Amino acid sequence: MNAQGWRLALNALVLIVSLLLAWEALFAVVGSQAMTSPLATFRYLAQLLATPTFWDHVEETSRAFFFALAIAILSGLAIGFLLGAHRLSGDIFEPVLVSFYSIPKITLYPIILLAFGLSLPAKIAFGAIHGVVPIAIFTMTAVRNLNQILLKTARVLRLKPGKIIVSVLLPAALPEVFTGLRLGFALTLIGTLLGEMFGSQRGLGYLLMTAIGLQNVPLIMAITLLIVLFAASVSTVLIVVDHRLHRRMP
Amino acid sequence: MKLTRSVYYRFVLIGGFVLLLELLCRSGVIDRLTMQPPTDMVRDLVLLLISGKMNAAMLKTFVNVAVASGLAVIAGIALGVALHGWHAARQVLEPLFATYYAIPIYAFYPLLIIMFGLGDVPQVLTGFMLAVVAVIVNTLNGLDRVSRVLMKTARVYRLGPIATALKVTLPSAAPYLLTGVRLAVAYAFIGVIGAEFIMSRTGIGYEISFAYNNFDNRVMYPLILLILITSIALNAALSHWERVIARRRSRS
């Protein structure tokens with residue numbers, strides 16, 4: 001590892017230690033009625049991870065998240081490429097996408113429940129509508145801002161359309177598209193969990209909701225910790241890849 | 001002109017979509033239990049607003065959003081300025097900011113309820129937590145772009161650190177700060193409404209979920225429409241202001 005790598009690792013370590021210390025300090029202030037200490041939470045989480053019924057919930061959430069992410073990525077890329085390639089459509093729909101991004105989508109949840117019923121498709125749809133927008137916006141911008149010289153060169157070389165997409169368009173747009181995918185990942189996760197918090201009988205979101213009803217603080221803390229750990233670690237990996245891709249481009 | 005043409009097409013398309021929805025609802029393809037015809041939604045919304053039944057809930061939500069976004073803007077700019085001056089702390093916190101929006105903030109709402117009870121505090125805090133990092137990041141971004149000449153001029157005039165911040169750096173970073181403000185309002189809105197929806201005793205989010213649980217579509221759809229209109233209008237107004245300032249900046 002080079003000097004910069006060591007420095008980044010040290011910074012991450014300092015951050016994690018200070019977050020744990022802040023948690024411990026907050027615990028000392030608010031007391032065991034309102035939250036559990038870091039050590040107790042990790043221990044409770046380990047206990048949860050050893051119970052088979054908990055894995056049923058994890059599996060349910062993972063399945064919903066997987067399908068939601070697949071739909072968000074596929075439709076986001078398709079919408080983004082179409083709107084990016086066709087200038088007028090892009091101009092027409094960009095403000096619509098941006099407004100959709102900024103509305104509290106949770107208010108649309110009743111409509112989705114009425115349309116899909118209390119089932120897996122409702123959660124998937126809710127996760128997907130959260131994730132699709134950033135992917136579409138970033139893909140559209142990436143395709144629009146493509147260097148025209150690349151396309152001209154491809155035409156001079158008489159590449160076939162399929163070949164142009166695979167070996168020119170995709171590599172050139174990839175860094176921006178990847179940023180969109182990274183944000184889409186995070187928002188789809190949030191959407192899926194939110195979807196599970198209402199009108200669902202299984203999954204981590206449902207478990208969280210029942211834990212609030214029962215005032216089960218250790219369970220709330222352990223699930224929150226698990227979600228945060230998962231989201232933060234995946235997103236860290238995605239950020240590293242994102243930086244690599246961006247640095248590779250001139 | 002191209003811009004007006006796209007605006008025109010946008011209105012035609014949205015109008016066409018609403019018309020289609022109206023026809024599908026009126027003809028019974030979409031039944032009344034699933035969706036109300038758009039004209040009914042608008043009529044019910046007007047009636048609901050006139051009746052004043054929702055005034056208390058609306059006031060509650062708007063005050064909470066205002067408090068959450070106001071606190072986020074003040075704290076975010078203050079923290080942004082502080083971190084801009086304290087390089088080591090910024091380096092440590094940078095990865096936190098980068099992953100922050102990947103973390104579902106709503107997951108903390110149950111904890112906040114247990115800590116503070118079911119009052120306004122958990123909702124305001126959820127909105128605040130969602131909004132504050134966007135303000136910090138945009139403040140740092142703006143401060144990074146203040147030109148060196150301006151800072152040198154401030155030093156030549158022997159301005160103190162506070163006078164430099166108020167008279168030179170913050171005005172110069174204004175467009176970025178405004179982006180932070182716009183995001184803060186949008187995120188605070190999302191946070192407060194979401195928190196109300198998940199669990200609360202008042203507010204528009206609560207009224208929507210209450211109406212949903214009672215299959216009261218004649219209240220639910222107008223309220224959803226109200227939220228959509230409010231958030232889109234707020235966002236459009238703030239981004240318009242942002243563009244005006246950016247244009248003025250590029251001209252001078």
Side-chain angles (χ1 to χ4, degrees), chain A residues 7-8 11-12 14-15 18-19 30 33-35 87-96 98-111 113-115 182-183 185-187 189-190 193-194 197-198 208-209 211-212 215 217 220-221 223-224 227-228 231-236 238-239, chain B residues 2-3 5-7 9-10 13-14 30 33-35 88 91-96 98-111 113-116 182-183 186-187 189-194 197-199 204-205 208-209 211-212 217 220-221 223-224 227-228 231-232 234-236 239:
Chain A
R7 206 161 39 91
L8 285 177
N11 278 335
V14 173
L15 177 64
S18 12
L19 286 176
V30 298
Q33 280 297 83
M35 64 193 299
R87 186 93 215 175
L88 182 62
S89 323
D91 285 341
I92 293 172
F93 286 106
E94 192 189 5
V96 180
V98 173
S99 318
F100 190 70
Y101 185 69
S102 69
I103 58 175
K105 277 175 276 300
I106 199 163
T107 53
L108 301 177
Y109 197 52
I111 304 181
L113 278 181
L114 288 173
R182 178 165 70 77
L183 298 176
F185 168 87
L187 283 170
L189 180 64
I190 294 173
L193 286 170
L194 273 179
M197 291 175 93
F198 320 99
L208 207 52
M209 244 1 216
I212 308 176
Q215 299 249 344
V217 179
I220 297 177
M221 294 287 293
I223 297 174
T224 309
I227 294 169
V228 169
S233 43
V234 175
S235 129
T236 307
L238 293 180
I239 286 174
Chain B
K2 200 166 182 190
L3 187 73
R5 193 161 65 118
S6 65
V7 171
Y9 279 129
R10 192 180 311 138
L13 278 169
I14 293 174
I30 301 177
L33 267 179
T34 309
M35 175 82 90
Q91 291 252 300
V92 170
L93 286 174
E94 209 70 73
L96 176 69
T99 49
Y100 191 78
Y101 283 102
I103 295 165
I105 300 295
Y106 290 122
F108 290 101
Y109 185 59
L111 281 179
I113 293 181
I114 293 203
M115 270 187 236
F116 298 101
R182 177 171 59 84
L183 290 175
Y187 286 156
F189 209 72
I190 291 175
V192 170
I193 296 275
F197 196 94
I198 295 173
M199 198 171 276
I204 305 179
I208 292 177
S209 88
Y212 168 71
N217 279 357
M220 187 183 86
Y221 275 106
L223 285 179
I224 293 177
I227 296 282
L228 297 189
S231 77
I232 291 173
L234 257 177
N235 215 55
S239 26

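Everything numeric in this text was worked out from a predicted model, so none of it was measured.
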At their closest point, which heavy atom of A:Met197 faces which heavy atom of A:Leu208, and how far apart are they?
CE-CD2, 4.2 Å

Evaluate side chain to side chain contact (heavy atoms under 4.5 Å, CB included) for A:Ile103 paired with A:Leu108, printing each intermediate quantity in order.
CA-CA 9 Å; A:Ile103 58 175; A:Leu108 301 177; 4.2 Å; yes

Relative to chain A, which segment of B:Leu13 carries a heavy atom at a distance below 4.5 Å: side chain, backbone, both, or neither?
side chain

Pick from B:Met199, B:Met35, B:Met115, B:Gln91: which one has the most heavy-atom pairs with chain A under 4.5 Å?
B:Gln91

If we only count heavy atoms from C-beta on, is the A:Leu187 to A:Tyr101 side-chain gap below 4.5 Å?
yes

Heavy-atom side-chain contact between B:Tyr101 and A:Ile190 under 4.5 Å:
no

So which residue, B:Tyr221, B:Tyr9, B:Phe197, ends up with the most heavy-atom pairs under 4.5 Å with chain A?
B:Phe197

Can you tell which of A:Ala211, A:Ser102, A:Ser99 has the highest number of heavy-atom pairs within less than 4.5 Å of chain B?
A:Ser102

Among A:Thr224, A:Ile220, A:Ile212, A:Leu114, the residue with the most heavy-atom pairs under 4.5 Å to chain B is A:Leu114

Heavy atoms only, distances under 4.5 angstrom: which of B:Pro110, B:Ala186, B:Ala88 has the most pairs with chain A? Name it, please.
B:Pro110

Kindly indicate, with the supporting measurements, whether the criterion side chain to side chain contact (heavy atoms under 4.5 Å, CB included) is fulfilled by A:Val228 and B:Phe108.
CA-CA 10 Å; A:Val228 169; B:Phe108 290 101; 3.9 Å; yes

Most heavy-atom pairs under 4.5 Å with chain B, out of A:Ile227, A:Ile111, A:Leu189, A:Val98, belong to A:Ile111

Report the option among A:Leu194, A:Val217, A:Ile223 that has the most heavy-atom pairs separated by less than 4.5 Å from atoms of chain B.
A:Leu194

Between B:Tyr187 and chain A, with a heavy-atom cut-off of 4.5 Å, which part of the residue counts as in contact: side chain, backbone, both or neither?
side chain

Checking A:Ile239 against chain B: side chain, backbone, both or neither under 4.5 Å from a heavy atom?
side chain

More than 12 non-hydrogen atoms from neighbouring residues, nucleotides or ligands closer than 6.0 Å to CZ on A:Phe100, yes or no?
yes

Check whether any side-chain heavy atom of B:Asn217 sits under 4.5 Å from a side-chain heavy atom of B:Tyr212, and report yes or no.
no

B:Ile208, part contacting chain A, at a heavy-atom distance under 4.5 Å
side chain

So do A:Pro104 and B:Ser231 actually touch side chain to side chain, heavy atoms under 4.5 Å?
yes

Option that, when pairs with chain A are counted at under 4.5 Å, heavy atom only, ranks first among B:Ile113, B:Ile227, B:Ile198
B:Ile198

